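Quick note: residue numbers are just sequence positions, from 1. All of these numbers come straight from a predicted model, not from anything done at the bench.
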Amino acid sequence: MKREYILAIESSCDETSVSIVENGKKDIATVVLSQIDIHKKFGGVVPEVASRSHVENITIVIEECLEKSELTMDQIDAIAVTYGPGLIGSLFIGLQAAKTLSFLYDKPLIPVHHIAGHIYANNLEKEMEFPLIALVVSGGHTDLIYMKNHYEFEKIGGTLDDAVGEAYDKVARVMDIGYPGGPLVDKLAKQGEDSYKLPIPLDDDSFDFSFSGLKSAVINLVHNESQRGNEIVKEDLANTFQNRVVEVLTKKTIAAAKKYNVNNLVLAGGVAANSGLREELALQANKNNINLIIPSFKYCTDNATMIGAAGYFAYKKGIRASLNLNSKPTDSIK
Ligand code: KG4
Ligand code: ZN
């Protein structure tokens, strides 16, 4: 098989990342520059600060990635870039860099939807088989997506309010355990017990999700206990919250696989790093004889490797963008 190399750029939020991926499945070189330490003191990502940091770092990260890959631009077949969704200023920087490379070296420009990237992180573990259902859980998304074949996305359910990662981050904030919240709640959950009374979110037959009620229940509980002068057992609250989230995500994902008669599941997005979710989904998939792929930790949170993997399949499908490509901060997956 011919070796084809995609140089990919991801800058939709607070990671400046560049990667070179071979045939949509092999990570040749990846550089991820995280801005977590910069945003930590603000308790969340500050969009303007993120854009400035991308500007300062993008050329350095491109050069470092090329050097690491031991390839030259002549050997690159196409440039893939995240065009949306994400922070408009952050997206713009990656897009501008990708367009410049595409123009300068006369390479096709491949537009990649950020969520397509998260899904294709799975192809770096194992070649994805179709049809499949993808559970996408990140800071901005909670989606169930049906894929009949490569690069065909059909959204069959999504969140009606908060995304699951967002709910994790808000729960972490009210419990005052630090930033970024998701991994810290996950860590605490492992040390606690399911001892609080919290509602199961949108426990119905639909493939939609809702996390704002559960999040508000946690916030109210913390405030009420503090007004009464009672201490919260943070480990137990984290454990109870995580159990409710994992239960509904797993239940609806398995139900979707059954309804759509598919035998393949993939897990995607930053919350795919969650230990409770990885464990329970693996258990239920196994029980139901469904094949499950879960990305390794380094490909769960934002990175350009996943954009390079998705970009390859978009490239093979003939998807191209002109140099007029604009960032789309709220674009839904197609
Ligand atoms: O995919 P991602 O890096 O960025 C978006 O595209 O949104 O996801 C970031 C989200 C954050 O909300 C973060 O708290 C959450 O993923 N996250 C986790 C874990 N690791 C990251 N949530 C729960 N458990 C984790 N272990
Ligand atoms: Zn993401």
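Residues L91 and S12 approach most closely at CD2-CB, 3.5 Å, considering heavy atoms. Contact detail for L66 and S69: the closest heavy-atom pair is O-OG, 2.7 Å. Here the closest non-hydrogen pair linking A310 and V112 is CB-CG1, 3.8 Å. Heavy-atom minimum distance, T16 versus I58: CG2-CD1, 3.8 Å. For the pair D331 and H113, the tightest heavy-atom approach, listed with the atom from each and the gap, is O-NE2, 2.9 Å. Here the closest non-hydrogen pair linking L214 and P201 is CD2-CG, 3.9 Å.
Rounding to the nearest 0.5 Å gives a distance of 7.0 Å between CG of N224 and CG of L221. With values rounded to the nearest 0.5 angstrom, D302 atom CG is found 8.5 Å from S17 atom OG. The line from CG of L95 to OH of Y83 is 10.5 Å long, rounded to the nearest 0.5 Å. I133 CD1 to Y146 OH: the interatomic distance, rounded to the nearest 0.5 Å, is 7.5 Å. Atom-to-atom distance recorded for K99:NZ and L109:CG is 8.0 Å, nearest 0.5 angstrom. Rounding to the nearest 0.5 angstrom, the gap separating the NZ atom in K170 from the NZ atom in K215 is 4.0 Å.
Under a 3.5 Å cut-off, the side chain of N264 and the backbone N or O of L132 do not form any donor-acceptor pair. Listed for the N230 side chain is no donor-acceptor partner under 3.5 Å among the backbone atoms of E225. Here the side chain of N122 pairs no donor or acceptor atom with the backbone of V266 at under 3.5 angstrom. Using a distance-only test at 3.5 Å, with no hydrogens or angles considered, no donor-acceptor pair links the side chain of N288 to the main chain of I290. Judged by distance alone, the side chain of T240 and the main-chain N or O of S195 form a donor-acceptor pair under 3.5 Å. Side-chain N or O atoms of D208 include one that pairs as donor or acceptor with a backbone N or O of G158 at under 3.5 Å. Looking only at distances, no side-chain donor or acceptor of N123 sits under 3.5 Å from a matching main-chain atom of A309. For the pair D186 (side chain) and G182 (backbone), a donor-acceptor distance under 3.5 Å is absent. The backbone N or O of D161 sits less than 3.5 Å from a side-chain atom of T159, completing a donor-acceptor pair. Although no hydrogens or angles enter the test, the distance criterion places no donor-acceptor pair under 3.5 Å between the side chain of E4 and the main chain of E22.
Checked by atom type, the side-chain pair D27/Y299 shows a donor-acceptor distance below 3.5 Å. Under 3.5 Å, the side chains of D194 and N243 contain a donor-acceptor pair of N or O atoms. Between the side chains of Q284 and T250, no donor-acceptor pair of N or O atoms lies under 3.5 Å. The closest side-chain donor-acceptor pair between E125 and S296 falls under 3.5 angstrom.
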Open item on the list: Quick one, K26 with V21, criterion side chain to side chain contact (heavy atoms under 4.5 Å, CB included). Give me CA distance, side-chain angles, the key distance, then yes/no.
Closed with: CA-CA 5 Å; K26 190 172 171 200; V21 179; 5.7 Å; no
TODO: Please step through side chain to side chain contact (heavy atoms under 4.5 Å, CB included) for the pair F130 and K148, ending with a clear verdict.
DONE: CA-CA 6 Å; F130 300 92; K148 203 169 176 184; over 6 Å; no
Open item on the list: Please determine whether salt bridge (charged side-chain N to carboxylate O under 4.0 Å, His left out) holds for the pair K234 and D176, giving the CA-CA distance in whole Å, both sets of side-chain angles, and the decisive distance to 0.1 Å.
Closed with: CA-CA 10 Å; K234 289 183 179 174; D176 201 17; 5.6 Å; no
Task: Audit row: K251, E247, salt bridge (charged side-chain N to carboxylate O under 4.0 Å, His left out) steps and yes/no - done: CA-CA 6 Å; K251 192 174 144 186; E247 190 184 327; 5.7 Å; no
Task: Full working for side chain to side chain contact (heavy atoms under 4.5 Å, CB included) between V248 and L202 - done: CA-CA 8 Å; V248 75; L202 201 65; 5.7 Å; no
TODO: Decide yes or no on salt bridge (charged side-chain N to carboxylate O under 4.0 Å, His left out) for K68 and E64, but give the supporting numbers first.
DONE: CA-CA 6 Å; K68 213 169 146 186; E64 204 180 313; over 6 Å; no
Task: Worked verdict on N274 versus Q242 for side chain to side chain contact (heavy atoms under 4.5 Å, CB included) - done: CA-CA 9 Å; N274 185 269; Q242 182 147 308; 3.0 Å; yes
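Residues Y168 and F241 bring their aromatic ring centres within 6.0 Å. Ring centroid separation for the pair F313 and Y315 does not come in under the 6.0 Å cut-off.
Between L249 and T142, some side-chain heavy-atom pair lies under the 4.5 Å cut-off. Taking 4.5 Å as the limit, some side-chain heavy atom of V81 sits within range of a side-chain heavy atom of L325. Put simply, the side chain of V233 reaches to within 4.5 Å of the side chain of Y196, judged on heavy atoms. Side-chain contact check for P131 versus M147: every heavy-atom pair is 4.5 Å or farther apart.
Atom CD of E193 is surrounded by 12 or fewer heavy atoms from other residues, nucleotides or ligands within 6.0 Å. Summarising the local packing, CD of E279 is surrounded by 12 or fewer heavy atoms from other residues, nucleotides or ligands at distances under 6.0 Å. For D205, the CG atom is loosely surrounded, since the number of other residues' heavy atoms within 6.0 Å does not exceed 12. Within 6.0 Å of CG on D106 lie no more than 12 heavy atoms contributed by other residues, nucleotides or ligands. Crowding of K317 atom NZ: a count of heavy atoms from other residues, nucleotides or ligands under 6.0 Å exceeding 12. Annotation: Y105, atom OH; neighbour count of heavy atoms from other residues, nucleotides and ligands within 6.0 Å does not exceed 12. Dense packing is recorded around OH of Y5, with more than 12 heavy atoms of other residues, nucleotides or ligands lying under 6.0 Å away. Around atom CD of E67, no more than 12 heavy atoms belonging to other residues, nucleotides or ligands sit under 6.0 Å away.
One hydrophobic cluster, built from ILVMFWY side chains closer than 4.5 Å, cannot hold both V246 and V136; they sit in different ones. Following chains of ILVMFWY side-chain contacts shorter than 4.5 Å, one cannot reach I293 starting from V271, and the two form parts of different hydrophobic clusters. Side-chain heavy atoms closer than 4.5 Å link hydrophobic residues (I, L, V, M, F, W, Y) into clusters, and following such links, even through other members, never connects L265 to F153. One hydrophobic cluster, built from ILVMFWY side chains closer than 4.5 Å, holds both I254 and I156. By the criterion of side-chain heavy atoms lying less than 4.5 angstrom apart, applied directly or through intervening Ile, Leu, Val, Met, Phe, Trp or Tyr residues, I88 is not grouped with I115; the two fall into different hydrophobic clusters.
A salt bridge between D77 and K107 is absent, with no side-chain N of the basic residue lying under 4.0 Å from a carboxylate O of the acidic one. Under the 4.0 Å criterion applied to side-chain N and carboxylate O atoms, R52 and E56 are not assigned as salt-bridge partners.
Across M128, K25, M306, a single residue satisfies side-chain contact (heavy atoms from CB on, under 4.5 Å) together with Y120, and that is M128.
The cationic atom of K252 (NZ for Lys, CZ for Arg) lies less than 6.0 Å from the six-membered ring centre of F209 and within 45° of the ring axis. For the pair R278 and F297, the cation sits on the ring face: its NZ or CZ lies under 6.0 Å from the ring centre, inside 45° of the axis.
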